[in-house]
Amino acid sequence: MDTNQYLEVFIDESNEHLQSCSESLLVLEQNPDNIEIVNDIFRNAHTLKGMSATMGFEDIADLTHKMENVLDAIRNHKIQVTAELLDVVFESVDHLEEMVSDISNGGDGKKDVTQTVEKLKRLESGESIENIETVVAAPSETVTEVAESKLIFDDFEQTVLEQSMEQGFSAYEINISLREDCLLKAARVYMVFEILEKLGEVIKSTPTVEKLEEEKFDTDFSVAFVTKENQDDLKQKLMKVSEVDVVNVQPVQLKKMEMPSDVVEKKVEEVAAVETPKPTPTKATPTKTEAPKTVKNNNSSKTIRVNIERLDILMNLFEELVIDRGRLQSISMELNHNELNDTVERMTRVSGDLQNIILNMRMVPVETVFNRFPKMVRQLSRDLKKKINLEIIGAETELDRTVIDEIGDPLVHLIRNALDHGIESPEERLAAGKPETGSVELRAYHSGNHVFIEIEDDGAGIDRERVLQKAISKGVVTEEASHSMTDNQINELILASGFSTAEVISDVSGRGVGLDVVKSTIESLGGSISIESEHGKGSLFSIQLPLTLSIISVMLVEIEKEVYAVPLSSIIETSIIKRSDILNAHNQKVIDFRGKVVPLVFLDEIFEVPREDHEDDGFLSVVLVRKGDRIAGLVVDSFIGQQEIVLKSLGNYLTNVFAISGATILGNGQVALIVDCNALIK
C-alpha cells in the first residue's frame with residue numbers, strides 16, 4: 001500500500017497526540033493518583049502506536065508500545081507514579097517527537113532508543129533504573145517444541161512444497177496470534193503478508209485470504225511459507241509488526257488430505273489464485289481507514305484539514321484581486337460614473353468580507369507555540385535547581401501562520417533568559433522575603449491590529465548599574481552618553497548585539513549570543529520589543545506583532561513625484577508645521593510636539609530623491625511615527641490618503657535596502673516603496 005498520501009495526516013495527528021501526552025504528564029505530575037489522566041495518556045499512546053505501525057514506522061511503534069506497557073502497569077496498580085518514572089516517560093515522548101520531526105523533514109524516523117527502552121522495561125517490572133547503561137536486549141528464547149500443525153495440504157499444495165524443498169528452499173508453517181485488543185486486524189494481516197512477500201512465497205493460509213481481509217477470524221491465523229530465510233530471523237521480523245502477540249515458526253508437516261478428484265481440481269485453481277495471497281491495497285485500505293472515516297464524517301461540517309500551501313496560493317490570488325480593486329477605484333474616481341461607482345463600492349465591500357475570511361483561515365492560536373513551554377520550564381527548573389511556576393494566559397489568541405512559524409524561537413530564548421537570569425534560587429528568594437517558588441507569566445492578547453505577547457517574571461529584575469558598566473566596557477555606549485540615558489534605554493541595552501551579562505556561559509542562556517537575535521527576528525516581522533524592569537521585583541518583556549504580514553493598511557505620501565507607503569500601525573498622527581517652528585539640538589533638527597522634543601527625519605534626504613526648484617510656502621507635512629516609547633517626525637511633501645496595500649518582497653537582490661521593508665503596486669500601476677519606520681527611529 002502506498003502510505004505517502006496519508007503522511008501529512010500522520011505527522012499532524014502524531015504531533016497532536018504527543019502534545020496531548022506532554023500536557024497530561026504535566027497534570028499527572030501534580031496529581032499522581034489520578035488514573036483517569038493515565039488513561040488519557042494511554043489512549044493517545046495506543047492510537048499513535050497503531051498509526052505508526054500502519055504507516056510502517058516500526059521504531060516509533062515499538063517505543064510507544066513499551067511506554068504503553070508502563071502506563072498499563074500504572075492503570076492496573078502494579079507500579080506507582082514517581083518522579084523517576086515521569087522523567088523516563090517524558091524522555092520517551094521527547095524521542096518520539098524527534099522521530100516524528102525527522103519523518104516530517106524527509107527522514108525515516110529511526111533513532112537509537114535502546115537505553116530508554118531498557119528503562120521502560122525495568123520500570124514496568126518494578127525495578128530501579130539507577131546506573132543503567134546502553135544495553136541491547138537479549139533475543140527471546142527460541143521455542144524448541146514443535147506445536148501440532150494447523151495446516152492440511154492437498155496433493156497440489158504438497159507437490160509445490162516438496163519441489164520447493166528439493167530446490168534448496170525451506171518450507172515453514174507460521175502460526176501468528178494477534179493481541180486481544182487489536183483494533184485493525186486486517187491491517188496487521190496486511191503488514192505480515194507484506195513482510196512475507198519480500199522474503200519468499202506464501203503457499204496457503206488458514207483462514208483464507210478473503211476471510212482475513214474481512215476480519216472473519218478471531219486472533220490466530222496460519223500460513224505455509226517457502227523461503228531461504230533463517231527461521232529465527234523470520235520470527236524476529238514478524239514480531240516487529242505492532243500488536244502481534246505470538247509468532248511460532250516451525251518446519252511444515254506434510255499431511256496428505258484425501259478428497260475426491262473433482263474437489264482436487266477445484267482446489268488447484270484456488271491455490272493458483274493464492275500463490276501471492278497478500279491482501280490487495282484496494283481491499284486492505286478501506287478496512288484500515290474505515291474507523292477514522294466514521295469519526296471524520298461526524299465532524300465534516302465543522303473542520304477540514306487544508307495544506308498551508310493552498311492557503312498561501314489563495315492569499316496570493318487575493319492579493320492580485322486587491323491590486324485590481326485599487327485600480328478599479330482609481331478608474332472610477334477619474335470617470336465619475338454613477339453605476340460604475342456603485343459597482344466598485346459593492347465590490348469593495350464584498351472583497352473586504354472575503355479578505356477577512358481568508359485572513360481568519362490563516363489564523364492559528366498562539367497555543368500551538370505556547371504548548372511546548374510547560375515541559376521546557378519543568379526540565380529547565382530541574383536543571384537549574386529552581387522552583388518555578390509557569391502560568392499561560394490567552395493561549396487562544398490568534399496570529400497569522402507566517403508569524404507563528406517565526407515567533408517560537410525568540411520566545412524560547414526569552415523564557416530561558418527569565419528562568420536563568422531572572423528567577424533567583426529558592427535560598428535567595430527566601431532571603432529576599434519572596435516565596436521560594438518563582439513565577440513566570442506568559443500571556444497574549446489582541447489590541448487593535450496587533451497582538452501583544454508578554455513574558456513577566458517576579459525575579460531579580462535588571463541590575464542597571466551592572467548593565468551600564470558592561471555596556472561601557474563592551475563599547476556599546478560611552479560613559480558620557482550613559483549619564484543621560486533613561487531607565488528604559490538602559491534596560492534595552494541588553495538587546496544590543498553581542499551583549500550578555502552572564503559571567504559563566506551555560507547551555508541555558510548566556511552563550512554570548514544575547515537577545516539581539518530576538519530583537520532582529522521580531523523587527524523582521526514588523527514588530528517591536530520593549531522592556532520594563534524593577535530591580536529586585538521582576539521584569540516584563542513585551543512583544544508587539546502585526547496580525548498579518550500580507551495585506552496592511554498604510555498612509556500614502558508623496559515626495560516630488562515618488563510615492564511612499566507608511567504603515568498605519570506605526571503612525572500616531574499627521575501634522576502640518578511651520579518651517580519656523582523647527583529647532584536645532586545637537587546637530588539634529590527637532591520640533592516641540594506637545595511638550596516633547598521630537599527629531600525630524602527628511603525622507604527626501606534619506607532616499608536621495610532628486611529635487612526640482614519650487615517655491616517654499618513655509619509649511620512642512622509631517623507624519624509622526626512611534627517605535628516603542630520613541631517618536632520621530634517623517635517630513636514629506638504631501639499626504640495622498642489611507643489605503644490597504646499588498647506587501648511584496650523586494651526579492652533576493654535587494655535584501656538590505658535601508659529603511660525599506662518592501663513594495664506594493666498601486667491602483668494606477670505605479671510601484672510604491674514601503675517605509676520601515678523602525679529603521680529610521682534611533
Side-chain angles (χ1 to χ4, degrees), residues 313-360 448-449 546-579 602-604 607 609-625 633-650 660-675 677:
I313 293 169
L314 181 61
M315 176 59 83
N316 289 335
L317 290 172
F318 183 74
E319 287 170 359
E320 297 301 321
L321 187 61
V322 170
I323 293 169
D324 289 338
R325 182 180 72 187
R327 177 67 178 143
L328 274 175
Q329 287 173 328
S330 177
I331 294 171
S332 173
M333 289 172 64
E334 289 174 11
L335 296 179
N336 196 22
H337 189 282
N338 288 337
E339 289 188 11
L340 180 59
N341 288 342
D342 291 343
T343 304
V344 169
E345 282 181 15
R346 176 168 172 74
M347 179 187 171
T348 303
R349 285 196 303 273
V350 172
S351 60
D353 292 340
L354 182 60
Q355 176 181 326
N356 289 333
I357 291 171
I358 294 173
L359 292 179
N360 285 332
N449 289 324
L547 276 177
T548 181
L549 300 180
S550 301
I551 299 174
I552 60 173
S553 295
V554 297
M555 165 69 76
L556 296 178
V557 298
E558 194 172 38
I559 303 170
E560 281 297 325
K561 294 181 181 179
E562 295 183 8
V563 178
Y564 293 86
V566 182
L568 280 183
S569 57
S570 299
I571 297 176
I572 303 172
E573 63 178 271
T574 57
S575 179
I576 299 200
I577 63 168
K578 293 180 180 178
R579 190 176 286 276
F602 290 81
L603 291 186
D604 60 342
F607 299 131
V609 180
R611 282 289 192 183
E612 296 179 3
D613 293 332
H614 56 81
E615 289 186 18
D616 184 358
D617 59 1
F619 290 91
L620 294 176
S621 300
V622 179
V623 182
L624 292 154
V625 293
L634 308 183
V635 179
V636 299
D637 288 356
S638 60
F639 311 126
I640 297 175
Q642 181 180 333
Q643 189 172 321
E644 281 191 336
I645 56 102
V646 176
L647 180 61
K648 295 286 187 183
S649 167
L650 293 178
I660 296 295
S661 59
T664 189
I665 303 171
L666 302 177
N668 58 6
Q670 185 178 355
V671 173
L673 296 175
I674 300 167
V675 179
C677 299

Spacing of CD1 belonging to Ile357 relative to CG belonging to Leu354, to within rounding of 0.5 Å: 6.0 Å
Pairwise side-chain contact, Glu560 with Asp604, heavy-atom cut-off 4.5 Å (strictly under): no
Note, Ile674 side chain near Ile660 side chain (heavy atom, < 4.5 Å): no
Sub-4.5 Å side-chain heavy-atom contact between Leu634 and Val625: yes
Nearest non-hydrogen partners of Gly633 and Val622, listed with the distance: CA-CG1, 3.6 Å
Nearest atoms (heavy-atom pairs only) where Ser621 meets Ile576: OG-CD1, 4.3 Å
Distance-minimising heavy-atom pair for Phe639 and Ser575: CZ-O, 3.8 Å
Beyond-backbone contact of Leu624 with Thr574, side-chain heavy atoms, under 4.5 angstrom: no
Student check: side-chain heavy atoms of Val557 and Val623 closer than 4.5 Å: yes
Lys578 NZ to Leu620 CG distance, which is reported to the nearest 0.5 Å: 12.5 Å
Minimum side-chain heavy-atom gap Val609-Leu603 below 4.5 Å: no
Backbone of Glu339 reached by a side-chain donor or acceptor of Thr343 within 3.5 Å: yes
CA sep, side-chain torsions, deciding dist, call: Phe607, Val675, side-chain contact (heavy atoms from CB on, under 4.5 Å): CA-CA 10 Å; Phe607 299 131; Val675 179; 4.3 Å; yes
Shortest non-hydrogen contact between Ser351 and Arg325, atoms and distance: OG-NH1, 2.8 Å
Ionic contact status for Asp637 with Lys561, cut-off 4.0 Å: no
Gap separating the CG atom of Leu335 from the CG atom of Leu340, nearest 0.5 angstrom: 6.5 Å
OG1-CD distance between Thr664 and Glu644, expressed to the nearest 0.5 angstrom: 11.0 Å
Intermediate values then yes/no, side-chain contact (heavy atoms from CB on, under 4.5 Å), Phe619 and Ile577: CA-CA 6 Å; Phe619 290 91; Ile577 63 168; over 6 Å; no
Side chain to side chain, Leu556 and Val554, heavy atoms closer than 4.5 Å: yes
side-chain contact (heavy atoms from CB on, under 4.5 Å) evaluation trace for Glu558 with Val636: CA-CA 6 Å; Glu558 194 172 38; Val636 299; over 6 Å; no
Pairwise distance CD(Gln643) to OG(Ser553) - rounded to 0.5 angstrom: 9.5 Å
His337 vs Asn341 side-chain heavy atoms within contact, under 4.5 Å: no
Side chain to side chain donor-acceptor pair (under 3.5 Å) partners for Arg349, two or more places apart: none
Ser569/Ile552 under side-chain contact (heavy atoms from CB on, under 4.5 Å): CA gap, chis, key distance, verdict: CA-CA 9 Å; Ser569 57; Ile552 60 173; over 6 Å; no
CG-CD distance between Asp342 and Glu345, expressed to the nearest 0.5 angstrom: 6.0 Å
Heavy-atom donor-acceptor pair, Thr348 side chain to Val344 backbone, under 3.5 Å: yes
